[in-house]
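Predicted model, so just to flag it, every value in this text is computed and none were measured.
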Amino acid sequence: MRRSATVLDPPPAPGQPAVRGDWRTLARLFPYLWAYRWRVLLALACLVSAKVANIGVPLILKRIVDALDLQPGDARVALVVPVALLVGYGALRIGVTLFTELREVIFARVTHDASRTITLQVFRHLFALSLRFHLERQMGGMSRDIERGSQGISSLISYTLYSILPTLVEIALVIGYLVLHYDASFASIALGALALYIVYTVRVTEWRTQFRRQMNEQDSRANTKAIDALINFETVKYFGNEDFEAGRYNENLLARMRAAIRSQTSLSVLNLGQSLIVASAVTLLVWRATVGVVNGTMTLGDLVLVNAFMIQLYVPLNFLGVLYREIKQALIDLERMFRLLGEQREIADAPDAAPLALDPDRAPRIRFEQVNFAYDASRPILRDVDFTMEPGTTTAVVGASGAGKSTLARLLFRFYDVQAGRVTIDGQDLRQVTQKSLRAAIGIVPQDTVLFNETIRYNIAYGRPGASQDDIEAAARAAQLHAFVGSLAQGYETNVGERGLKLSGGEKQRVAIARTMLKDPPILILDEATSALDSRNEQAIQDALRRAALDRTTLVIAHRLSTIVDAEQILVMAGGRIVERGSHESLLRAGGEYARLWLMQQADDAAAMAPLA
């Protein structure tokens, strides 16, 4: 079920009720449940049936007690208790369990499918959000929000359908019976105690909600710091900062502990007040029933009935505060997950966006037209960048760090939209085509290769899921990786570890190259694609990349100028502008910035080789 994302209200300030936010959260959850409306209605019918049977148990017990209240010589002594009452008592007991279990079996699919659907929708939505969102978001805390939200769905439905709603149905039946069969004082005491109990529970639980929010915040922060430190395990060890990281983690754990202690203390206050209200009500009702028996207006069976009714209500009422608190906590957790779902897409397909149309017989033509762009309005990155990448040619971009080279690749992938100008592929503005079709046409070998914690086979096949083993091995050979994989005990089934940490930098980069070659896109981006390779492997990979670039339109972001001498067009960037452009030979003859960089790198290479001579 697809739903448009909307921004939810921010969470209320600590101590303030979140009634509107809670109802809005429930309203967003309702359509997922109503998709199984017949199961929901059937489960509710089972719920009511179970409670009717449960109320019938004390009624049968009353009849049994009255039947046992015999005088000596009574003609019914021989019968003692009618067999039908005993059979009915047992049947109602079984009926309670039967209808309760049927309700859970019928509703189980609704609960789990709603949780699965919403969690999957959040997962897909996160991938639809912009790169900016993910760069600014702390992944550890976000993963905990999703985890708690998913559990909150099950908790909310379970506590509501299996506890709160049955209790309300039972209360209505009990109060109705008391009103119809006994003095009005019985119903008045029960209703008064119930009203006081609910008001007290709601008020105290709302007050306690702030501590749960604080616990969630500190838990997310602690988890974020822990995951961040563990992901950067090597960096922590390099600088001997284990104690420093443990200290940062402990600060959040201490804050969470303090919030948890306050939460537990307030829980004790809640439980004590609830017990006082329930005990007072039960005592008053039993006293009234005892007086009725003494006066002869009620039988012993009536006394047993009233007592049994209150015992049946006492157990769920005693847990009503706990259940209400759990429901509130589930709503808070679900609200946080829905807020993720409510994050607006910075980059979205236009309503009339069409798939990118490419000529299968030739490589595409790419055009940057007077492009201006800034991640932050106060710091422009690209200024009036204008160039054309002709079909089947290689365009290389060089320049100092921060010149805007990698930004060109991000704009080409449409991770961001330009503030002025436009980027086109075969004349089609990237803002007017679907992002899926655009990215399917582009392959990239990034400088910083991050791999999945999976096998080498999985990471190569990620370029084209479902590729055959022969295709995977062919891509690995082209990336000069097959021989290395063959030397491993588990071959292509070797796990590369978290973020590929079990492989060297050069090995990871070759996996990235193989992955892109397997994808076989018409547009290729090489972002320092050989930066992590040694000189021997670099030459072999360069030859492979040149072959891969044939009949493709290729953008090369380079630091080593020796790797781009064959490029048809070289752009030199500085301060977000193109300051020079041309071929390798023409730029050397011009004697400008490119020629200076070339001479500098040649001198560095000569100095590096001197000790080996």
Side-chain angles (χ1 to χ4, degrees), residues 11 13-14 122-123 126 129 131-152 208-268 329 332-333 335-337 339-340 343 375-376 379 401-402 406 446-456 459 488 494-509 511-512 528 531-532 534:
V122 172
F123 183 77
L126 290 176
L129 296 176
L131 179 62
R132 190 192 310 273
F133 170 86
H134 288 279
L135 292 177
E136 295 175 353
R137 177 69 63 169
Q138 293 181 313
M139 193 58 64
M142 187 167 63
S143 67
R144 289 302 292 270
D145 288 343
I146 297 174
E147 178 186 352
R148 285 196 299 257
S150 177
Q151 294 173 349
R208 296 187 64 246
T209 298
Q210 59 181 311
F211 304 126
R212 173 67 179 187
R213 289 186 185 276
Q214 291 171 8
M215 286 174 59
N216 280 355
E217 292 288 344
Q218 296 303 330
D219 186 51
S220 294
R221 290 176 185 173
N223 191 62
T224 296
K225 286 183 171 61
I227 290 179
D228 196 36
L230 291 173
I231 287 176
N232 293 284
F233 172 83
E234 289 185 77
T235 304
V236 174
K237 301 297 285 186
Y238 288 152
F239 292 93
N241 280 340
E242 295 91 339
D243 291 339
F244 173 74
E245 292 296 338
R248 294 177 67 220
Y249 186 44
N250 188 45
E251 287 178 6
N252 288 110
L253 291 179
L254 286 173
R256 183 187 183 282
M257 181 186 74
R258 286 190 289 268
I261 291 173
R262 288 194 293 268
S263 179
Q264 183 59 49
T265 302
S266 61
L267 175 60
S268 298
Q329 291 172 358
I332 292 169
D333 295 339
E335 174 198 13
R336 291 176 69 91
M337 188 166 73
R339 289 178 67 194
L340 288 176
E343 290 285 347
Y375 298 105
D376 184 339
R379 192 169 72 91
S401 297
S406 295
Q447 178 180 6
D448 182 18
T449 300
V450 178
L451 303 180
F452 292 95
N453 189 5
E454 278 282 357
T455 63
I456 293 176
N459 279 283
L488 300 174
T494 302
N495 190 284
V496 302
E498 189 79 34
R499 302 174 78 242
L501 292 177
K502 291 183 180 179
L503 301 182
S504 69
E507 291 160 356
K508 286 197 296 183
Q509 206 150 35
V511 170
E528 302 282 1
S531 62
D534 53 63

Minimum heavy-atom separation for Lys508 and Gly500, please, with both atom names. CD-O, 3.2 Å
Lys/Arg N to Asp/Glu carboxylate O, Glu251 vs Arg248, below 4.0 Å: no
Roughly how far apart are Asn250 CG and Arg256 CZ, rounded to 0.5 Å? 13.0 Å
Atom CE of Met257 and atom CZ of Arg262: how far apart are they, to the nearest 0.5 Å? 10.0 Å
Would the distance check show the side chain of Asn232 and the main-chain N or O of Asp228 forming a donor-acceptor pair, the cut-off being under 3.5 Å? yes
Rounded to the nearest 0.5 Å, how far does CD1 of Ile456 lie from CG of Leu488? 5.0 Å
On a heavy-atom basis, which atom in Ala222 and which in Tyr249 lie closest, and how many Å separate them? O-CE1, 3.2 Å
Expected output: side-chain Glu245 to main-chain Glu242 donor-acceptor under 3.5 Å: no
If we check side-chain contact (heavy atoms from CB on, under 4.5 Å) with Leu503, which of these qualifies: Thr449, Asn459, Val496, Thr494? Val496
Below 4.5 Å, heavy atoms only, C-beta onward: do Asn223 and Asn252 meet side chain to side chain? no
